[in-house]
Amino acid sequence: MKRYSVFAVAREALRHRLGWDRAWADPVPKPRYDAIIVGAGGHGLAAAYYLGRNHGIRNVAILEKGWLGGGNTGRNTTIIRSNYLQDPSAAIYEKSRSLYETLSQDLNFNVMFSPRGVMMLAQTQHEIRGYKRTAQANALQGVDTEYIGPERVKELCPIIQIGGPRYPVLGALWQARGGTARHDAVAWGYARACSDMGMDIIQQCEVTGVTQADGRVTGVATTRGDIACDKLGIVVAGHSGVLAQMAGFRLPIESLCLQALVSEPIKPCMDVVVMANTVHGYMSQSDKGEMVIGGGTDGFNNYTQRGSFHHIEETVRALVETFPMISRLKMLRQWGGIVDMTGDRSPIISRTPLGGCFVNCGWGTGGFKAIPGSGWAMAELMAKGEPGPLAAAFGMDRFRAGRFIDESVAAGVAH
Ligand code: FAD
Ligand code: PYC
C-alpha cells in the first residue's frame with residue numbers, strides 16, 4: 001500500500017493522479033479462512049484490523065451483505081465520549097477514545113478526529129445529581145470529565161438559551177477531550193489497512209447460514225457460496241439476532257430504528273457537541289456547516305432503515321427551546337439505522353454456545369465511539385478464545401447471572 005502523505009499528494013498532482021492504488025481490493029472469496037468476520041461495519045473491520053496487527057492472524061475474510069460502512073457506521077452522528085458510569089464501560093470507552101486520538105496516524109488515513117468537547121446538559125435536579133455522580137465516578141476511573149455550571153455552558157456554546165421556560169439549563173457534564181470523527185473515514189481507514197495486511201473484504205456477500213459439526217463452527221453459507229473457517233465473529237449490530245438464530249442460539253437484543261437529520265449548511269456557530277437528554281435531542285455542527293441533529297429511538301421494534309416525519313417534528317420540537325435558532329433552518333435530509341439494544345444498554349463481547357463462534361453486538365445507540373476499543377477487545381477474544389480485561393465483564397452470561405452493567409443514563413439517547 002502506498003502511504004498517503006503530503007509528498008504523495010504533491011507527486012500525484014504532477015502526474016494526473018495516475019499513481020493512486022485502489023484503497024482496498026475486491027477479491028473473490030477463498031474456500032477457507034482462519035477467521036471470518038460477518039459485518040464490515042466499523043466494529044467488524046476494527047476487529048479484523050487488530051486481529052492482524054496485535055495477534056498476527058491475517059488469513060481473515062470480512063463478509064458484508066451490502067457495502068462496507070453502509071450500516072450504522074455510515075449513519076451515525078459521530079459523537080465520541082467516554083463519560084460512562086460503570087468501571088467496565090469507562091475502561092473500554094476510554095481505551096477507544098484514546099485510540100481515536102492517534103487513529104489517523106495509526107491507519108495512515110485521516111479520520112478527522114475532532115476533540116471539540118461534548119456536554120450533556122442537566123435540565124432537571126435529577127440530572128444534576130446524576131451527572132455529578134458520573135463526574136466523580138469518572139475521576140476515580142481516570143476519565144477526564146467535570147460538572148460545569150450554566151454560565152460556563154453558555155460560554156462554551158453561545159447559541160444555547162439557558163433560561164428556557166420548560167427546561168432551563170442548570171449545568172452540564174463536560175468532557176473536553178470528547179468530540180467527533182468522520183464516520184465513513186473510520187470504516188474506510190480500517191478497510192484499507194485490513195486489505196493491506198492481505199485480508200479479504202468481500203462486499204455484496206450476505207451470510208445466510210452458519211455450518212457446524214460437533215458443537216463447533218465450520219463455516220458459513222453465503223450468497224457467494226460456502227466458505228469454511230476455524231473461527232467466526234458475528235458483528236452485525238441490528239441483525240445480530242438473525243445471525244445468532246442461524247448459529248443456533250438466542251441473544252437478549254431488540255432491534256430498533258434510530259434516526260437523525262441534518263439542516264442546510266450555515267456559517268460556523270457551534271464548536272462543541274451538545275446532548276440534551278431530558279428533552280431527547282442532541283446537536284453538533286459538521287465541517288460542512290450542517291447542523292447534525294438526532295433524538296430518541298423509534299418506539300417500536302423494526303428493521304426499517306429510514307426516517308419518518310414524526311421524528312423530525314418530535315426532535316426539532318424538543319430542541320427548539322434550547323436552540324431557538326434552529327426554528328429558522330431548513331432541514332436537508334434524514335435517515336435511520338437499526339440499532340441493537342440490550343436490556344442494560346451495554347454491549348456483548350462474548351463467546352457463544354457454539355464453539356469457535358464469537359459475538360460482538362449490543363452497542364445500541366452508542367457504538368461509533370467504541371469502534372477502536374471494541375475491535376481491540378474482540379480481536380483478543382477471537383485470537384485467544386478467552387476475553388481479555390476489556391471484554392471480560394461483557395459476556396452474554398451476565399444476563400443469566402444478573403450481573404448487569406446498567407448504562408441507561410450514560411447511553412444518552414432515549415429508548
Ligand atoms: P454496522 O455499521 O451496522 O455494521 C454491521 C454490518 O453488518 C452492516 O454493514 C450490515 O450490512 C452487515 N450485515 C448484517 N447482516 C449481515 C449478513 N447476514 N451478512 C453479511 N453482512 C451482514 N454511536 C455513537 O457512539 N455516537 C453517535 O453519535 C451515534 N449516533 C448514532 C446515530 C444514528 C442515527 C444511528 C443509527 C446510530 C448511532 N450511533 C452512535 C450508534 C453507532 O452507529 C453503532 O453503534 C455502530 O455504528 C455499530 O457499528 P457496527 O459495526 O456494529 O454495525
Ligand atoms: O452515544 O453519544 C452517543 C450518541 C449520541 C447520539 C447517538 N448516540
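Position 1 is the first residue of the sequence, and the numbers go up from there. Only a predicted model underlies this, so the values are computations on that prediction, with no experimental measurement involved. Only heavy atoms go into these numbers, but all of them, side chains included; no hydrogens, no water, no symmetry mates.
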Has the side chain of [X] got a donor or acceptor atom that lies under 3.5 Å from a matching backbone atom of [Y]?
X	Y	result
S350	V359	no
Q175	R177	no
K65	V207	no
T78	H183	no
S284	V273	no
D200	I202	no
D298	F300	no
D340	C361	no
S82	R97	no
Q141	A91	no

Residue that, paired with T180, satisfies side-chain hydrogen bond (donor to acceptor under 3.5 Å, both in side chains) out of R116, Q285, K369, R81: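 Considering R116, Q285, K369, R81, a side-chain hydrogen bond (donor to acceptor under 3.5 Å, both in side chains) with T180 is found only for R116.
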Over 60° means perpendicular and under 30° means parallel, so tell me whether Y93 and Y84 are parallel, tilted or perpendicular. parallel
In terms of ring plane angle, is the pair F404 and F399 parallel, tilted or perpendicular, where the classes change at 30° and 60°?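 If you compare the ring of F404 with that of F399, the planes turn out tilted.
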Would one find more than 12 heavy atoms of other residues, nucleotides or ligands at under 6.0 Å from atom [atom1] of [X]?
X	atom1	result
E313	CD	no
R11	CZ	yes
W67	CH2	no
R306	CZ	no
E264	CD	yes
D184	CG	yes
R15	CZ	yes

Can you tell me if [X] and [Y] form a side-chain donor-acceptor pair at under 3.5 Å?
X	Y	answer
N277	Y131	yes
Q203	D26	no
D406	Q86	no
T211	D226	no

Check step by step if salt bridge (charged side-chain N to carboxylate O under 4.0 Å, His left out) holds for R403 and D397. CA-CA 8 Å; R403 213 173 10 82; D397 60 322; 3.1 Å; yes
M270 and F323: side-chain contact (heavy atoms from CB on, under 4.5 Å), yes or no, with the steps? CA-CA 11 Å; M270 180 185 185; F323 296 101; 4.1 Å; yes
Which atom of [X] lies closest to which atom of [Y], heavy atoms considered:
X	Y	value
Y303	G238	CE2-O, 3.3 Å
L319	A276	CD2-CB, 4.4 Å
N59	K30	OD1-NZ, 3.3 Å
G356	R216	CA-NH2, 3.5 Å
M112	S104	N-OG, 4.1 Å
T342	G362	CG2-CA, 3.8 Å

Determine, for [X] against [Y], whether the closest basic-nitrogen to carboxylate-oxygen distance falls under 4.0 angstrom.
X	Y	answer
R32	D230	yes
R317	E314	no
E290	R333	yes

Taking side chain as C-beta onward, heavy atoms only, is [X] less than 4.5 Å from [Y]?
X	Y	answer
W363	I349	yes
H55	M382	no
L103	L107	yes
V262	W335	yes
Y50	E380	no
V186	F113	no
Q123	T322	yes
F394	P387	no

Test side-chain contact (heavy atoms from CB on, under 4.5 Å) on M120 and T134 and set out the steps. CA-CA 11 Å; M120 293 170 106; T134 303; over 6 Å; no
Atom pair [atom1] ([X]) and [atom2] ([Y]), whose distance is rounded to the nearest 0.5 Å:
X	Y	atom1	atom2	result
L256	N302	CG	CG	7.0 Å
R58	C194	CZ	SG	10.0 Å
E94	L99	CD	CG	10.0 Å
M275	M119	CE	CE	12.5 Å
E12	Y4	CD	OH	10.5 Å
I62	I201	CD1	CD1	4.5 Å

Stepwise side-chain contact (heavy atoms from CB on, under 4.5 Å) test for M199 and Y33: CA-CA 10 Å; M199 297 180 179; Y33 293 90; over 6 Å; no
For L85 and E407: C-alpha separation, side-chain torsions, deciding distance, then whether side-chain contact (heavy atoms from CB on, under 4.5 Å) applies. CA-CA 7 Å; L85 180 65; E407 291 293 3; 3.7 Å; yes
